[in-house]
Amino acid sequence: MTGPEPVPVDGVPVPDHGAWLRRGISRNGGPLVEDREVVWLQAGSYYADSRGFAGTTSFDGSQVHFHHLTGEPGEDTGTFRWEGTNLVERGTNPDGSTFLEIWTPLPAAAGATGSWSGPDHHVVRVGRHVVHVDSRAGTYWRL
């Protein structure tokens with residue numbers, strides 16, 4: 001006797017621990033480009049993005065939800081899939097526009113990891129990488 005048919009999954013959850021550099025973005029089906037350095041750090045369910053938003057992630061079995069708690073308001077929703085060591089993200093912004101992003105792991109992500117927040121800021125550290133987000137901007141440092 002065999003078990004039930006596996007349920008297809010559109011995406012995978014974000015890694016529990018990671019430091020990622022964006023290699024390119026396609027907006028609304030346009031060409032894949034990179035116009036600036038963007039770093040995303042994930043420490044457990046907490047994340048910070050150097051574009052200027054931070055908060056928590058959740059996974060509903062198919063899609064990842066980025067709940068913005070600090071910085072740029074909103075919630076991004078997307079699916080992730082692995083292509084080798086890269087993560088490919090397809091999603092929708094709060095304004096309804098779509099995107100595709102390619103994320104590659106940053107070296108030096110082992111070591112201390114944590115997330116700290118205050119009234120108007122959020123900081124995530126993963127190994128030698130730190131992203132600070134407040135109501136004005138996101139800033140990335142490598143220690």
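Residues: numbered from 1 along the sequence shown. In this text, all values refer to a predicted model and were calculated from it rather than measured experimentally.
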>> What I want to find out is whether Glu101 reaches Arg51 closely enough, with some N-O distance under 4.0 Å, to be called a salt bridge.
In response: yes
>> Side chains of Thr56 and His67 only: does a donor on one sit below 3.5 Å from an acceptor on the other?
In response: no
>> Working to the nearest 0.5 angstrom, can you tell me the gap between Ile25 CD1 and Leu100 CG?
In response: 8.5 Å
> For the hydrophobic clusters of this structure (ILVMFWY residues joined by side-chain heavy atoms under 4.5 Å, transitively), does one cluster hold both Val133 and Val39?
Replying inline: yes
> Do the side chains of Pro15 and Leu87 get nearer than 4.5 Å, heavy atoms only?
Replying inline: yes
>> Whether Arg22 and Glu34 form a salt bridge (side-chain N of Lys/Arg under 4.0 Å from carboxylate O of Asp/Glu) is what I want to check.
In response: yes
> Is there a donor-acceptor pair closer than 3.5 Å between any side-chain N or O of His122 and the backbone N or O of Gly71?
Replying inline: no
> Taking the inter-plane angle between the rings of Tyr47 and Phe66 on a 0 to 90° scale, is it parallel (under 30°), tilted (30 to 60°) or perpendicular (over 60°)?
Replying inline: perpendicular
>> Is there a side-chain contact between Val130 and Val124 in this structure, where contact means two heavy atoms from C-beta onward sitting under 4.5 Å apart?
In response: no
> Once you round to the nearest 0.5 Å, how far does OG of Ser135 lie from NE2 of His121?
Replying inline: 11.5 Å
>> Donor-acceptor check, side chain of Arg128 to backbone of Leu143, threshold 3.5 angstrom: yes or no?
In response: yes
>> If you compare all heavy atoms of Ala54 against all heavy atoms of Ala48, which two are closest, and at what distance to 0.1 Å?
In response: CB-CA, 3.9 Å
> Does a donor on one side chain sit under 3.5 Å from an acceptor on the other, for Asn86 and Thr104?
Replying inline: yes
> Can Val131 and Val123 be said to form a side-chain contact (heavy atoms from CB on, under 4.5 Å), step by step?
Replying inline: CA-CA 6 Å; Val131 172; Val123 178; over 6 Å; no
> What is the distance from atom OG1 of Thr77 to atom CD of Gln63, rounded to the nearest 0.5 Å?
Replying inline: 6.0 Å
> To the nearest 0.5 Å, how far apart are CH2 in Trp103 and CD in Glu89?
Replying inline: 7.0 Å
>> Is there a side-chain contact (heavy atoms from CB on, under 4.5 Å) between Glu72 and Asp49? Walk through the geometry before answering.
In response: CA-CA 10 Å; Glu72 182 182 308; Asp49 188 301; over 6 Å; no
>> If only side-chain N and O atoms count, and only distance matters, is there a donor-acceptor pair under 3.5 Å linking Ser62 with Asp60?
In response: no
> Hey, does the side chain of Asn28 reach the backbone of Thr98 with a donor-acceptor pair shorter than 3.5 angstrom?
Replying inline: yes
>> Quick check against the 3.5 Å criterion: does Ser26 have a side-chain atom that pairs as donor or acceptor with the backbone of Gly30?
In response: yes
>> Looking at His17 and Ala109, would you say the former's side chain and the latter's main chain have a donor-acceptor pair under 3.5 Å?
In response: yes
> Looking only at atom types and distance, does a side-chain atom of Gln42 sit under 3.5 Å from a main-chain N or O of Gly44, one as donor and one as acceptor?
Replying inline: yes
>> Would you say that more than 12 heavy atoms from the other residues, nucleotides or ligands in this model lie under 6.0 Å from the OH of Tyr46, or not?
In response: no
>> Looking at Arg136, is its backbone amide N or carbonyl O close enough to the side chain of Asp134 to form a donor-acceptor pair, meaning the two atoms are under 3.5 Å apart?
In response: yes
> Are Trp141 and His132 side-chain neighbours, meaning at least one heavy-atom pair lies under 4.5 Å?
Replying inline: yes
> Just how far is it from atom OH of Tyr140 to atom CG of Leu106, taken to the nearest 0.5 Å?
Replying inline: 5.0 Å
> Between CD of Glu37 and CG of Leu21, what distance do you get to the nearest 0.5 Å?
Replying inline: 6.0 Å
> With a 4.5 Å limit on heavy-atom distance, are the side chains of Thr92 and Asp76 in contact?
Replying inline: no
>> Hydrophobic clustering (ILVMFWY, side-chain heavy atoms < 4.5 Å, transitive) - are Phe53 and Leu41 grouped together?
In response: no
> Should Ser58 and His65 count as side-chain neighbours, where that means a heavy-atom distance under 4.5 Å?
Replying inline: yes
> So, Phe80 versus Trp40, ring centres under 6.0 angstrom or not?
Replying inline: yes
>> To check you understand the geometry: which heavy-atom pair defines the closest contact between Gly114 and Ala43, and what is its length?
In response: O-CB, 4.0 Å
> Do Arg142 and Pro107 come within less than 4.5 Å of each other through their side chains, counting heavy atoms only?
Replying inline: yes
